[in-house]
Amino acid sequence: MKILVVGSGGREHALAWKLAQSERVTELYIAPGNPGTAALAGSRAGLKVENIAIKSDDVAGLLNFARKEAIDLTVVGPEIPLVMGIVDDFEKAGLRAWGPSKAASELEGSKVAMKEFLRRYNIPTAAFKIFDDAAEAHEYIEEVGAPIVIKCDGLAAGKGVTVAQTEDEAHDAVTRMMENHQFGKEAGSHLIIEEILEGEEISVFAFCDGHNALILDTAQDHKQVFDGDRGPNTGGMGAFTPAPGLMSEADEDVVVSRILLPTLSGLVKEGRPYVGILYMGLMLTNKGPRVIEYNVRFGDPECQPLMLRLQNDLVDICEACIDGKLDTITLDWSDDTAICVTLASGGYPGSYENGKAITAVEEAAAEKGVTVFHAGTSKKNGVLYTAGGRVLSVCAQGEDLTAAREVAYAASEAITFDGKHYRNDIGCRTEAR
Ligand code: AMP
Ligand code: GLY
């Protein structure tokens, strides 16, 4: 089979790494990929691997390539091509692409549409109000006070949300999003103001074939940049799986019966069945789980440790999603723990410089239990350089969280680049429990 992976982050390196292990795959292309995906060449005899210089949001370019090469299956990593409708365009051309349609991707593409969907099906979420006028939004903040959460409508790379502890912060967020158009005119034309949810945040992932869903093993992300969940939100500073003891059985029941199943049946009813991976971002409040958001793709970095522990052939799963046959699959997980530590550029999630030389990646990756996925890296004359905010996903597997942490942190320390920073407490709260 010929497979195309769309994207260039740590998530896509992990997906490509997993697909490269499938005996069914003979050719693997990654567009645009990164130095880590390029290095998958030679990972298995009889497998051809190549990075293709087409950006992940160049849907027409990707379609052209897939047609020319007669790609059998395209696995889409990031949300932007999904929200643009890559799966519909491929289908129209008679090509198979794994991921939700444009209509189903609206769950991530528009927070306003997502909240309205939740309301239509009575799915538990934070109480909210939608605003298209800045003055009214300011007035509402005066009325209800802080803490309060302000969200802009469209995609903002995970940065369009302000959890405001004070009224001043809330007013400032409205001004930035709606009046100064920080995330563009479109995204700032509607705002959601919603109640703050307190509790433990958890990501629940499910493979979906439209009607059936398979929930993946538990994983937890660490969104804030600094230890102890302090500082601004990032794309994700680390994750681990499994995350035991986070959800009670009662919570799990609610997630399935009041969140996952109504989501799938609601989308079927609306003529946009969900195919691919559904990411439910939940807050476990003292009144039970609440949906914070849906994403229409794997979490990054949660995907990296999950792929390390998934024992099934990922090609089989993707095909079963597309063919409506997920009921024929049982997910199989290794019984170890996998952890991912994000090594980030100095200044991230604010501004940072690229082009810092990176050392000791291969040495660190050669240690037992370590897998290093590339995210923001580039390679010139055999030397690796930083080329993004999140640079490397340093992953490790161990018999338990303590063992996995030890190995991952030894590797994270050994790898060097100017400005490198990472969180030291990935998995610590769970470990303490
Ligand atoms: P989102 O892009 O909607 O996932 O929001 C980004 C992050 O903001 C989430 O992962 C949460 O940590 C936080 N957040 C969003 N909405 C709320 C809320 N209603 N209450 C508390 N925290 C929230
Ligand atoms: N890990 C959070 C995200 O992918 O959005």
Side-chain angles (χ1 to χ4, degrees), residues 1-16 18-19 25 27-34 37 50-111 113-114 153-158 184 186-187 205-210 235 267 270-279 293-300 303 314-315 317-324 326 375:
M1 271 180 96
K2 294 178 161 191
I3 308 256
L4 170 64
V5 175
V6 175
S8 63
R11 169 181 54 207
E12 288 78 18
H13 185 184
L15 291 170
K18 182 70 187 152
L19 291 163
V25 179
E27 296 179 30
L28 178 61
Y29 300 95
I30 306 95
N34 62 40
T37 59
E50 203 182 313
N51 280 353
I52 304 296
I54 305 173
K55 291 212 171 89
S56 60
D57 60 357
D58 178 5
V59 173
L62 293 166
L63 181 57
N64 246 336
F65 174 80
R67 263 206 190 113
K68 198 178 81 212
E69 290 295 330
I71 298 292
D72 296 297
L73 175 67
T74 297
V75 175
V76 185
E79 62 277 16
I80 290 177
L82 291 168
V83 171
M84 288 171 73
I86 188 170
V87 172
D88 311 60
D89 290 356
F90 272 55
E91 255 172 29
K92 270 184 227 138
L95 293 164
R96 284 155 74 76
W98 179 76
S101 64
K102 180 173 184 169
S105 299
E106 195 191 37
L107 287 188
E108 178 165 0
S110 163
K111 284 190 193 296
M114 180 260 300
D153 187 29
L155 292 176
E186 179 84 6
F205 298 94
F207 289 118
C208 303
D209 71 0
L267 288 170
E270 297 179 6
R272 42 176 180 160
Y274 194 96
V275 172
I277 185 119
L278 178 67
Y279 167 151
E293 62 167 349
Y294 296 106
N295 293 308
V296 298
R297 35 112 191 139
F298 255 120
D300 183 344
C303 179
L314 184 57
V315 178
I317 295 177
C318 293
E319 289 197 320
C321 289
I322 295 171
D323 296 330
L326 260 190

Note to self: Restricting to non-hydrogen atoms, name the atom on Arg297 and the atom on Asp300 that form the minimum distance, rounded to 0.1 Å.
What the structure shows: NH1-N, 4.3 Å

Check: Could you state the interatomic distance from CG (Leu63) to CD1 (Ile71), rounded to the nearest 0.5 Å?
Finding: 11.5 Å

Next item on the list: Please round to the nearest 0.5 Å and tell me the distance separating atom OG1 of Thr37 and atom CD of Glu12.
Entry: 9.5 Å

Item checked: Rounded distance [0.5 Å steps], CG in Leu19 versus CE in Met1 -> 9.5 Å

Note to self: Please check: side-chain N/O of Lys2 versus main-chain N/O of Glu69, any donor-acceptor pairing under 3.5 Å?
What the structure shows: yes

Margin query: Measuring from atom CG of Asp72 to atom CD of Glu27, what distance do you get when rounded to the nearest 0.5 angstrom?
Written below: 9.0 Å

Next item on the list: Answer whether the closest heavy-atom distance between the side chains of Glu108 and Tyr294 falls below 4.5 Å.
Entry: no

Check: Which atom pair, heavy atoms only, marks the closest approach of Leu73 to Cys318?
Finding: CD2-CB, 3.9 Å

Item checked: Pair Arg96 + Asp323: basic N to acidic O under 4.0 Å -> yes

Checklist line | pair Leu107-Leu267: side-chain heavy atoms closer than 4.5 Å | finding: yes

Check: Is any side-chain heavy atom of Pro78 less than 4.5 Å from a side-chain heavy atom of Arg11?
Finding: yes

Margin query: Rounded at 0.5 Å granularity, tell me how far CG in Leu4 sits from CD1 in Ile54.
Written below: 7.5 Å

Next item on the list: Compare every heavy atom of Asn34 with every heavy atom of His13, then report the nearest pair and how far apart it is.
Entry: CB-ND2, 4.2 Å

Check: Would you say Thr74 and Leu95 make side-chain contact, with heavy atoms under 4.5 Å?
Finding: no

Notebook entry, point to check: With under 30° as parallel and over 60° as perpendicular, where do the rings of Phe298 and Phe207 fit, or are they tilted in between?
Noted result: perpendicular

Item checked: Test item: Asp57 side-chain N/O and Pro81 main-chain N/O as donor-acceptor pair under 3.5 Å -> no

Notebook entry, point to check: Which heavy atom of Arg272 sits nearest a heavy atom of Ala103, and at what distance?
Noted result: NH1-O, 2.8 Å

Margin query: Once you measure the plane-to-plane angle for Tyr279 and Phe205, does it fall in the parallel (<30°), tilted (30-60°) or perpendicular (>60°) bin?
Written below: perpendicular

Margin query: Are the side chains of Asn295 and Glu79 in contact, using a 4.5 Å heavy-atom criterion?
Written below: no

Notebook entry, point to check: For the residue pair Pro32 and Ser56, what are the closest heavy atoms and their distance?
Noted result: CD-N, 4.0 Å

Check: Heavy atoms, side chains only, cut-off 4.5 Å: are Leu62 and Phe90 in contact?
Finding: yes

Next item on the list: Verify, without hydrogens or angle tests, whether Asp209 (side chain) and Leu326 (backbone) share a donor-acceptor contact under 3.5 angstrom.
Entry: yes

Checklist line | Nearest-0.5 Å distance, CD of residue Glu319 to CD1 of residue Ile317 | finding: 11.5 Å

Notebook entry, point to check: Taking all non-hydrogen atoms of both residues, which atom of Leu28 and which atom of Ala16 are closest, and how far apart?
Noted result: CD2-O, 3.5 Å

Check: Is a side-chain N or O of Tyr274 found less than 3.5 angstrom from the main chain of Val296, in a donor-acceptor match?
Finding: yes

Checklist line | Name of the residue among Leu82, Val5, Leu15 meeting side chain to side chain contact (heavy atoms under 4.5 Å, CB included) with Val76 | finding: Leu82

